[in-house]
Number of protein chains: 2
Amino acid sequence: MMKYQRHAKILELIANHDLTTQEEIIELLRKEGFDSTQATVSRDMKELGLIKAADSKGNYKYIQPKPANSSSTTKHLLILNQAVVGISFALHTIVIKTHAGMAQAAGAAIDHLVGGEILGSIGGDDTLLLICQSEENAQNIVQRLKNFLKIGAD
Amino acid sequence: MMKYQRHAKILELIANHDLTTQEEIIELLRKEGFDSTQATVSRDMKELGLIKAADSKGNYKYIQPKPANSSSTTKHLLILNQAVVGISFALHTIVIKTHAGMAQAAGAAIDHLVGGEILGSIGGDDTLLLICQSEENAQNIVQRLKNFLKIGAD
DNA sequence: TCTATTATTGTATATTTATTCACTCCATTG
DNA sequence: CAATGGAGTGAATAAATATACAATAATAGA
């Protein structure tokens, strides 16, 4: 039952490679020790919301679409940027340090931004724990959160 | 050569319907007087950057991937960029050359983008006349239109 | 105008992706 | 401990999409 590790790996793969077909994804997955078929990858793409899009040069590749809803997403990004002081992780647990009293708000914002990949979160006063599905998944989410903080907006 | 009208219509269709396959798009296009084949629609989707994505309920449909911020403005910019071949002006009159058959669509897009400063517009097949309030105004609008073309282009 | 070049399109086909069906693996419940 | 039900999967297949090629139409240039 490697589904969630595989999902995390797929997200990582499409972030780092230009992948045109599901067959290419299968190949790379195999190199990483995941043996899957095209049917499974097709279902993964659907569940992860990944899409095949044409870039400006006219080539297709799989991407993770940017969060769509601007108004609420923008608000959450704003909260996140105001709240978060630091991010680290160990195994499948992400530890987020915030300014005093803002952990809860940061948790809600992250829930919105990252969505279902987080199993659960526990917020204290200035610390937030996110429990992920796997170490790989945690690493992937940390990367995305850091991107949110850098960009600041969408 | 209905390509650009068809593009505009496709954008309108996917904004107003949940379309799952290119065949469905072809059907609706036919009702609007556009007779196309799947191959052509496939190419249109690529050129317009439209993609098939899974929504939260697990259904696929075609969407315009960055719809959020100013969807109608984005659409108008797209049309404008596809339509316009050249811009010039004399006195208080702007002359816009477009691809054949696109003058009307360009006129509508420009109306939206520039708004009330234009006294009126007359569109033929591949030429659009904009009547402005003054020569300075015309010059200013020309500059803004050229900026639109720069931005929207890719 | 006429010719050369480029764009657009359809047909047929190849490629790619989604789904159906059957099976396995677990967890739950009677 | 069966029996039941649901999630995950692969194999095969259906469905959908992209593209090679040929034809036609548009455009530019002489």
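Note on naming: letters A, B, ... go to the chains in the order of the sequence lines (proteins, then strands), and numbering restarts at 1 for each one.
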With sequence neighbours excluded, residues passing side-chain contact (heavy atoms from CB on, under 4.5 Å) with B:Leu28
B:Leu13, B:His17, B:Leu19, B:Lys31

Can you sort out which residues in residues 18-32 of chain A have a heavy atom within less than 4.0 Å of DNA chain D? Ascending by number, please.
none

Return the set of residues passing side-chain contact (heavy atoms from CB on, under 4.5 Å) with B:Glu27 (not counting sequence neighbours), or none when no residue passes.
none

How many Å lie between NZ on A:Lys52 and P on C:dT15, as a whole number?
13 Å

Rounded to whole angstroms, how far apart are CG on A:Asn59 and P on D:dA18?
13 Å

Return no unless some side-chain N or O of B:Ser42 is found under 4.0 Å from OP1 or OP2 of D:dT17.
no

Atom CG of B:Asp35 to atom C1' of C:dT8: distance rounded to whole Å?
15 Å

By side chain to side chain donor-acceptor pair (under 3.5 Å), which residues pair with B:Lys9, not counting sequence neighbours?
B:Glu12, B:Glu32

Taking 4.0 Å as the cut-off, does a side-chain nitrogen or oxygen of B:Thr40 come that near to OP1 or OP2 on C:dG10?
yes

Interatomic distance, B:Tyr60 OH vs D:dA16 C1' [rounded to whole Å]:
11 Å

Over how many whole Å does the gap from A:Arg6 atom CZ to D:dG8 atom C1' extend?
8 Å

Once you round it to whole Å, what is the distance between C1' of D:dT17 and CE of B:Met45?
11 Å

Report the residues that fulfil side chain to side chain donor-acceptor pair (under 3.5 Å) with B:Lys61, sequence neighbours left out, ordered by chain and then residue number.
B:Asp18

Provide, to the nearest angstrom, the distance between the CD1 atom belonging to A:Ile51 and the P atom belonging to D:dA18.
13 Å

The side chain to side chain donor-acceptor pair (under 3.5 Å) partners of B:Asp35 (sequence neighbours excluded) come to B:Arg30

For A:Glu23, give me all partners under side chain to side chain donor-acceptor pair (under 3.5 Å), at least two apart in sequence or on another chain.
none

Under 4.0 Å from OP1 or OP2 of D:dA16: is there any side-chain N or O of B:Tyr62 that close?
no

Side-chain donor or acceptor of B:Gln38 under 3.5 Å from a matching atom on the base of D:dA18?
yes

Which residues share a salt bridge (charged side-chain N to carboxylate O under 4.0 Å, His left out) with B:Arg43, sequence neighbours left out
none

Between B:Tyr62 and B:Glu24, do the side chains contain a donor N or O and an acceptor N or O under 3.5 Å apart?
no

Select base, sugar-phosphate, or nothing to describe what A:Asp44 touches, counting heavy atoms under 4.0 Å on all strands.
nothing

May I have the distance from A:Glu47 (atom CD) to C:dA18 (atom P), rounded to whole angstrom?
12 Å

Please confirm whether the shortest side-chain N or O distance from B:Lys3 to OP1 or OP2 of D:dA26 is below 4.0 Å.
no

Polar-atom pairs under 3.5 Å, protein N or O versus N or O of nucleotides 20-23 of chain C: list them with distances, or write none.
| residue | atom | partner | partner atom | Å |
| --- | --- | --- | --- | --- |
| C:dT20 | O4 | A:Arg43 | NH1 | 3.4 |

Identify whether A:Ile26 and A:Leu50 are in the same connected component of the hydrophobic contact network (ILVMFWY, side-chain heavy atoms under 4.5 Å).
yes

Spatial distance of atom CZ (A:Phe34) from atom CG (A:Asp44) [nearest 0.5 Å]
10.5 Å

For residues A:Met45 and A:Tyr60: do they belong to one hydrophobic cluster (side chain heavy atoms under 4.5 Å, members Ile, Leu, Val, Met, Phe, Trp, Tyr)?
no

Of all heavy-atom pairs between B:Thr20 and B:Lys52, which one has the smallest distance, and what is that distance?
O-CE, 3.1 Å

Report for the helix from C:dT1-D:dA30 to C:dG30-D:dC1: angle between first-end and last-end helix axes, five pairs each, rounded to 10 degrees.
30°

